[in-house]
Structures are given as C-alpha cells and as structure tokens.
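Before any comments, here is the structure.
A note on names: the letters A, B, ... follow the listed sequences, proteins ahead of strands, and every chain is numbered from 1. Keep in mind the model is a prediction, meaning the values are calculated, not measured.
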Number of protein chains: 2
Amino acid sequence: MTAIKESSTIQENKLYNRSECPVIYVMDKIGGYWKPVILFHLLKGGKRYNELRKLIPTITEKMLIQNLKQLEADGIVRREAKAVVPPYVTYYLTTAGEGLRPVLYAMASWALEDQQNTKGAPAKQLKDFPA
Amino acid sequence: MTAIKESSTIQENKLYNRSECPVIYVMDKIGGYWKPVILFHLLKGGKRYNELRKLIPTITEKMLIQNLKQLEADGIVRREAKAVVPPYVTYYLTTAGEGLRPVLYAMASWALEDQQNTKGAPAKQLKDFPA
DNA sequence: ATAGATACACACTTTAGGGTAAGTACTTGT
DNA sequence: ACAAGTACTTACCCTAAAGTGTGTATCTAT
C-alpha cells in the first residue's frame with residue numbers, strides 16, 4: 001500500500017524529525033487529510049466500515065481502508081470482524097486512540113476560536129464535537 | 001509560491017472538510033512537515049531567520065521562508081524587519097500562534113506516552129519541550 | 001440465475017508538497 | 001575590487017499522497 005522509496009531526502013528528514021519532534025511524531029500518525037476526520041467520528045464510538053463511508057461522503061473507499069489500515073498498524077484503532085456474510089466489520093479506538101481525545105479537543109477549540117477571530121467560515125458549535 | 005490548481009477534487013475536499021472539521025482546519029494551518037517544527041522553536045521566543053535555520057539544520061531555505069510566509073498569512077506568526085543592512089528580521093508568534101501552545105503540548109505528551117508504550121525510539125524528555 | 005449487500009484489493013493517473021541549485025540586493029570590512 | 005553576511009526569490013525536478021475506476025468473495029433474497 002503506497003510503496004515508499006528508500007533513502008530519499010524527504011524520508012531521511014521524516015525519520016530525523018520524528019525522533020526529534022513529538023509533533024511530527026503525531027503528524028505521522030494522525031496527519032493527512034482523512035485520518036483526523038475518521039478519528040473524529042470514532043470518538044463517538046465504534047463504527048462499521050459502511051457507517052464511516054456514509055459519515056464521510058467525500059472520502060473514497062481506497063482512502064478509507066488505507067487510512068483505517070494505517071491507523072490499525074499504528075495501534076490507534078482496533079478492527080473487529082464477525083465471521084458472517086455479508087461481512088460485518090467494526091472499527092474502534094484503542095486505548096492509545098482514546099488518548100488522542102485531548103489532542104483533538106485542543107485542536108478543535110483552537111480552530112473554533114480562530115475561525116471566529118478571522119471571521120472565516122461560520123463556526124461550527126463546540127457541542128457538535130463528540131463528547 | 002507552490003501554485004495550486006483550481007477545481008481539483010482534492011481542493012474541493014479540502015474546502016469542504018476545512019469548514020466541517022475543526023481538526024482539518026488546524027492541519028491546514030500547522031500541517032506539513034516543517035510548520036510544527038518552526039512553531040516548536042518559536043514557542044521559546046522570537047527568532048531571527050538565520051537563527052531558525054541553525055536550529056533546524058535539515059530544512060532548506062525555500063521551505064523555511066515558504067512556511068514562514070504561510071504562517072504569517074494565516075496570522076500565526078508576525079514578521080518584524082528592521083530597516084538595516086544586512087537585514088534583521090525576527091519572527092514572533094502572534095496571539096493566535098500562542099494559542100497553539102496547548103495544542104502542541106497535547107500532541108507532545110501523547111507522543112511521548114505513545115513512544116514509550118510502543119517501545120519505539122527512545123523517548124525525548126518532556127522537559128525539553130519549551131515552557 | 002441473478003441482483004444486492006459488504007468489505008475490501010489493485011492498477012493507473014494526477015496533484016501538491018518538498019528538494020536542488022542557483023541568483024538577487026544592499027551595505028560593510030579588507 | 002571583492003568577498004561576506006542576511007534575507008530572501010525563482011526555476012526546475014521528484015516523490016508520496018490522494019483520486020479514479022474496476023474487480024473479488026460470499027451469502028441471501030427474489
């Protein structure tokens with residue numbers, strides 16, 4: 001999945017910075033455009049694959065599983081599949097994933113405040129953020 | 001700087017998600033590989049352009065100003081230039097930039113904990129993170 | 001027998017971010 | 001006269017992330 005090339009400068013930088021800077025470390029795990037959105041929804045509780053699709057209409061199936069697989073590999077989500085047909089697969093946050101809650105919250109509250117101050121797009125209410 | 005193409009699906013998604021999801025909003029502003037590192041250093045106080053270069057040895061000049069300009073445009077850093085030769089330019093966090101401190105901190109503490117739990121690279125001490 | 005539902009997998013293309021390398025402006029020091 | 005310092009700028013290339021489209025397995029319902 002998304003093969004990477006060994007020994008490009010960009011990869012060396014990633015490696016260097018990941019060990020040096022905790023923020024980069026986090027970015028590596030929940031960065032990209034879709035992971036935060038997925039986590040956002042999983043904060044409200046476990047979701048089936050198809051549920052996530054519907055909750056995030058603009059994501060493609062490729063991006064969805066790709067990100068889910070990566071999050072799983074990083075120990076942030078847990079996959080539970082029932083051995084039935086049609087398949088019944090649910091994704092949950094792990095303990096590590098739950099640990100991201102304060103991070104996501106800090107981001108959300110900053111964003112809301114910043115959106116208001118910059119008179120940008122109408123601010124979404126904080127109460128919409130999963131408790 | 002880094003021209004973007006109008007009306008590509010990826011841009012539409014960005015737009016949609018930025019207004020829908022506060023986390024994406026934040027990522028848009030402090031995402032990428034260098035912005036967090038720059039902010040990290042600016043949390044310790046204003047820094048000259050060349051100071052930042054030395055503090056972040058692996059960054060290229062192009063990336064440095066590019067990111068500084070973007071952060072400035074997003075109201076996260078403030079640029080102060082003295083009208084002297086050779087130039088003397090200092091970058092500071094704005095109030096909005098300072099507001100990111102809890103965000104960066106939440107990230108850092110999660111990262112440190114996660115690194116220990118996953119027995120990954122030796123964890124950097126939290127005390128190294130700027131107060 | 002055929003359509004539908006679910007959770008993927010895979011090949012192929014596009015785009016934006018990042019990297020490389022070189023140049024600019026303006027003054028001070030030698 | 002020329003090198004050095006500072007803060008950039010510009011042009012070009014390469015890669016990884018994201019998007020597009022199609023295919024698969026298995027069972028149930030009609």
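In this structure a side-chain-to-backbone donor-acceptor pair under 3.5 Å is missing from B:Glu72 to B:Lys69. Proximity of a side-chain donor or acceptor of A:Trp110 to a complementary backbone N or O of B:Ala96 within less than 3.5 Å is detected. In terms of modelled atom types and a separation under 3.5 Å, the side chain of A:Thr90 and the main chain of A:Gly46 share no donor-acceptor contact.
Between A:Tyr88 atom OH and C:dA5 atom C1' there is a gap of 14 Å when expressed in whole angstrom units. Separating the NZ atom of B:Lys82 from the C1' atom of C:dC26 is a distance of 18 Å, rounded to the nearest angstrom. Remark: C1' of D:dA17 and CE of B:Met27 are 14 Å apart, rounded to the nearest angstrom. In this entry the distance linking CD1 of A:Ile24 with C1' of C:dG18 reads 13 Å, nearest Å. When the C1' atom of D:dC8 is taken as reference, atom CD of B:Glu80 falls 18 Å away, rounded to whole Å. B:Gln66 places its CD atom 10 Å from the P atom of C:dG19, with the value rounded to the nearest Å. Between the C1' atom of D:dC8 and the NZ atom of B:Lys69 lies a distance of 7 Å, rounded to the nearest Å. Rounded to a whole Å, the CG atom of A:Leu52 is 12 Å from the C1' atom of C:dA7.
Between the side chains of B:Glu61 and B:Tyr49, at least one donor-acceptor pair of N or O atoms lies under 3.5 Å. Inspection of the A:Asp28 and B:Tyr33 side chains reveals an N or O donor paired with an N or O acceptor under 3.5 Å.
Among the heavy atoms of the strands, none lies under 4.0 Å from A:Arg53.
In this structure, CG in A:Asn67 is found 5.5 Å from CD1 in A:Ile59, a value given to the nearest 0.5 Å.
Looking only at side-chain heavy atoms (C-beta outward), B:Leu93 and B:Arg78 stay at 4.5 Å or farther from each other.
Contact annotation: B:Arg48 reaches the phosphate of D:dA7 (side-chain N/O to OP1 or OP2, under 4.0 Å). Proximity of B:Asn50 to the phosphate of D:dG5: no side-chain N or O atom is located under 4.0 Å from OP1 or OP2.
Sequence order on DNA chain D of the closest nucleotides to B:Tyr91 and A:Ile59 puts B:Tyr91 first from the 5' end.
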Handout entry: Under 4.0 Å protein heavy-atom contact, by nucleotide of nucleotides 20-30 of chain D - B base, S sugar-phosphate only
Key = B-----BB---
